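What follows is a set of notes on a single structure, which appears directly below.
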Number of protein chains: 2
Amino acid sequence: MSVQNGSQRPPRMEDVAKRAGVAIGTVSHVLNHPHKVRPDTLERVRSAIDELGFVPDRRARALAAGTSSVIGFVVVDLSNSFFLDMARGAEQEAQKHGMNVLLANSDVQAEKELVYMHLFDEERVAGILLAPLPTNADDVLSAGRWGRDVVVLNTVPGETDACCVTANNELGGYLAARHLIDTGRRALAFVGGPFSLSPVSDRFRGVERAVAESNGHVSLTTIKTANVQEVDGRKAGRQIAALDPGELPDGIVAAADLVALGIVQAFRTDGGPRVPADVSVIGYDNNRAAWDSDVPLSTVAQPGEEMGRAATRLLLEEIRSPGEHRHQRLHLEPTLIVRQSSTR
Amino acid sequence: MSVQNGSQRPPRMEDVAKRAGVAIGTVSHVLNHPHKVRPDTLERVRSAIDELGFVPDRRARALAAGTSSVIGFVVVDLSNSFFLDMARGAEQEAQKHGMNVLLANSDVQAEKELVYMHLFDEERVAGILLAPLPTNADDVLSAGRWGRDVVVLNTVPGETDACCVTANNELGGYLAARHLIDTGRRALAFVGGPFSLSPVSDRFRGVERAVAESNGHVSLTTIKTANVQEVDGRKAGRQIAALDPGELPDGIVAAADLVALGIVQAFRTDGGPRVPADVSVIGYDNNRAAWDSDVPLSTVAQPGEEMGRAATRLLLEEIRSPGEHRHQRLHLEPTLIVRQSSTR
DNA sequence: TTGAAAGCGATACCAC
DNA sequence: GTGGTATCGCTTTCAA
């Protein structure tokens, strides 16, 4: 058996109508307003559909009805589970409203971002979700007079006006530091970089705020890394392990789980302080690697799915009431997850 | 400035035609056969397009022309970089031919696989790439009389006839083992599981073949794990570290990079053999974690992008010559990547 | 309830 | 080259 029908023209409504002995409009009614059709006609049309293997053409339907059931999601980096979570959330919410989400991977390339925005625009999708390159957001948004509604994820557009949904990284940093302080840690260290990345600097600011709230009872040192990979963490970990015992921090906030893992690993290998006996370590992102690691890692979970759901909700609302809709900026809260690495 | 035009009807060809003082057919020509239009007319129409911000409607175009420029890719697990690589490859190849790839994340759920297959079918995409749940492939393929061509990735459909592209895992296992043997290792161990997963058992068979070729000069032991995560590797690593010195393997083939990483980590922590001095370790998949690790990991790289490219090539060929096309089964070769963990 | 016909926004063929 | 027009497959209004 072949998967494909070959070059045979797929059956149309006209064929179904003929076979069921009804008019074409009636077939349409069966598909869209079944309750307005007499039961036996319904039955007759439906079996005709089955027998012919009729598959409605969504393009034609959308064209005629002026509506679409697909939402396009342009994603900057699908290899980052944060964005994949957003996609999942978007899908969940969309599905609730009978809509579908199709993904376009812009793969950290500004040009592809534009290409896919245009594609979705020309495809006349119901609306567009855009998780852009942070630096590129305004360019993309102002590049076209986009004919459809756009909701931006993970970035706050500057000049351009649009709904956007972001994660509160400052709060995440605060929660992490606060947790360490609440469990008795007094000498904190923040490890991460580069600070030009706003997620990193935002998290750092949150840490600073928590420390400031302690009125001088807690100290904070900063160890900058080139990036937020495991290798950066290992480097920093060795650096810390080499410190004078009196200078050792007893609580470490890493800008990302991979960094935290690298630190823990370096401590083990190079005879640094014990985790969590001597030092608490907390990461960020809730990577699989975090809970799967040898010492399960405390972390701050990004509200990825929630962001996807919220963005989709905003988008659908905007689509439905084009007139009265007011753009919103949502700032969603991350969640503290306590595991072994910060439990004495 | 707002991103959206509000509820204004987007300009159509008719509007452009009127503004440029030409017929609607001419506008179409400007878009599709610019060389057949007199330069000054071209210019006039183009500026009308710009001024009005006209964006062609792909649905209408596709409907009228009976063609589509989008390829739908139903992906079982986007969180696995192997599949994301396929998507990248597909995109590259598609782009060469003026086509676009849109992704649907079925997220390891059989139902969603079907939902998206139907969506693409009804959207009348040019063709569909399907990376299915291996167990679900035949069900999906035979579920609908799919109106469009389908190429299957990473799974060989059983009953159903269709093009498919898979990775040669047996060869990968062979290459890995062969590499260890070629560099002087004689007591090999294979670590991985569950063997019910064909990638695992295929890789194991490849290892067996390499060992068999050595005519008894090389030994092989097997350590089964529950899964192919880092935690499974750590467990196995401790198990190995606890062996009598005489029973220690000097070469380990792990079924996946994470497993290999876990092993290396366990060796360090629990005082096992040194890598690579006492024992070579090689993983599989070429994860980022593999080259980023403390001891950069030798591995076998899956031909993900290549699979995506090949599948797209097959798909386009099938679309173009529906008559003469013969289904093909491609089995692509992985690549050995030697790093420090297997270099004495 | 069902049928007939006018769009939806483009393409492509055939005259001029 | 350019203009008119049938057509793509479906929705929806209006009569019957």
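Please read these numbers as outputs of a predicted model, since none were measured by experiment. Sequence lines set the chain letters: A, B, ... in the order given, protein chains first and strands last, and positions in each chain run from 1.
- Residue-environment remark: CD (B:Glu51) exceeds the threshold of 12 foreign heavy atoms within 6.0 Å.
- When the side-chain nitrogen and oxygen atoms of B:Asn32 are compared with OP1 and OP2 of C:dA12, none of them lie within a distance under 4.0 Å.
- Applying the 4.0 Å criterion to OP1 and OP2 of D:dT11, one finds that A:Ser28 has a side-chain N or O inside that range.
- The existence of a salt bridge linking B:Arg313 and B:Glu317 is excluded, since no basic side-chain nitrogen approaches an acidic carboxylate oxygen closer than 4.0 Å.
- Annotation: of the two residues near DNA chain C, B:Arg59 and B:His33, the 5′-most nearest-nucleotide partner is B:Arg59.
- Among the protein residues, B:Val22 comes within range of the sugar-phosphate backbone only, with heavy atoms under 4.0 Å from sugar or phosphate atoms but none that close to a base.
- Between B:Leu130 atom CG and B:Ser106 atom OG the span is 8.0 Å, to the nearest 0.5 Å.
- When the nucleotides C:dG9, D:dC8, D:dT11 are ranked by their closest atom to the side chain of A:Met13, D:dT11 comes out on top.
- If you take CZ of A:Arg124 and P of C:dC8, they are 14 Å apart, rounded to a whole angstrom.
- In this entry the distance linking CZ of B:Arg58 with C1' of D:dC8 reads 18 Å, nearest Å.
- No engagement by A:Gly66 is indicated, since no non-hydrogen atom pair under 4.0 Å with the nucleic acid exists.
- Atom CD in B:Glu122 sits about 10 Å away from atom P in D:dC10, given to the nearest Å.
- Atom CZ of B:Arg44 is separated from atom C1' of D:dG1 by 12 Å (rounded to the nearest Å).
- Electrostatic pairing of B:Lys96 and B:Glu93 counts as a salt bridge here, judged by a charged N lying under 4.0 Å from a carboxylate O.
- Spacing between atom CG of A:Leu63 and atom P of C:dA6 amounts to 18 Å, rounded to whole angstrom units.
- A:Leu31 places its CG atom 11 Å from the P atom of D:dT12, with the value rounded to the nearest Å.
- By the 4.0 Å N-to-carboxylate-O rule, A:Glu91 lies close enough to B:Lys112 to be salt-bridged with it.
- Of the side-chain N and O atoms in B:Arg61, none sit less than 4.0 angstrom from OP1 or OP2 of C:dG9.
- Between the P atom of D:dT11 and the NE2 atom of A:His29 lies a distance of 10 Å, rounded to the nearest Å.
- When distances run from any side-chain atom of A:Arg9 to the nucleotides C:dT11, D:dT2, D:dG9, the shortest one goes to D:dG9.
- The side chain of A:Thr26 contributes no N or O atom lying less than 4.0 Å from OP1 or OP2 of C:dT2.
- Of the two residues near DNA chain D, B:Thr41 and B:Ala65, the one whose nearest nucleotide lies more 5' is B:Thr41.
- For the OP1/OP2 pair of D:dG1 and a distance below 4.0 Å, the side-chain nitrogens and oxygens of B:Arg38 include no atom meeting the criterion.
- Closest approach to the B:Ile24 side chain among D:dT11, C:dG9, C:dA10 is made by C:dA10 (side chain taken as heavy atoms from C-beta onward).
- With the nearest nucleotide of DNA chain D identified for both B:Lys36 and A:Phe54, B:Lys36 has the one nearer the 5' end.
- With rounding to whole Å, A:Glu14 atom CD is found 8 Å from D:dC8 atom P.
- Contact of the B:Asp121 side chain with the B:Met117 side chain is not registered, since no non-hydrogen atoms from C-beta on lie closer than 4.5 Å.
- Nearest to the side chain of B:Ala23, among C:dA4, D:dT11, D:dG4, sits D:dG4.
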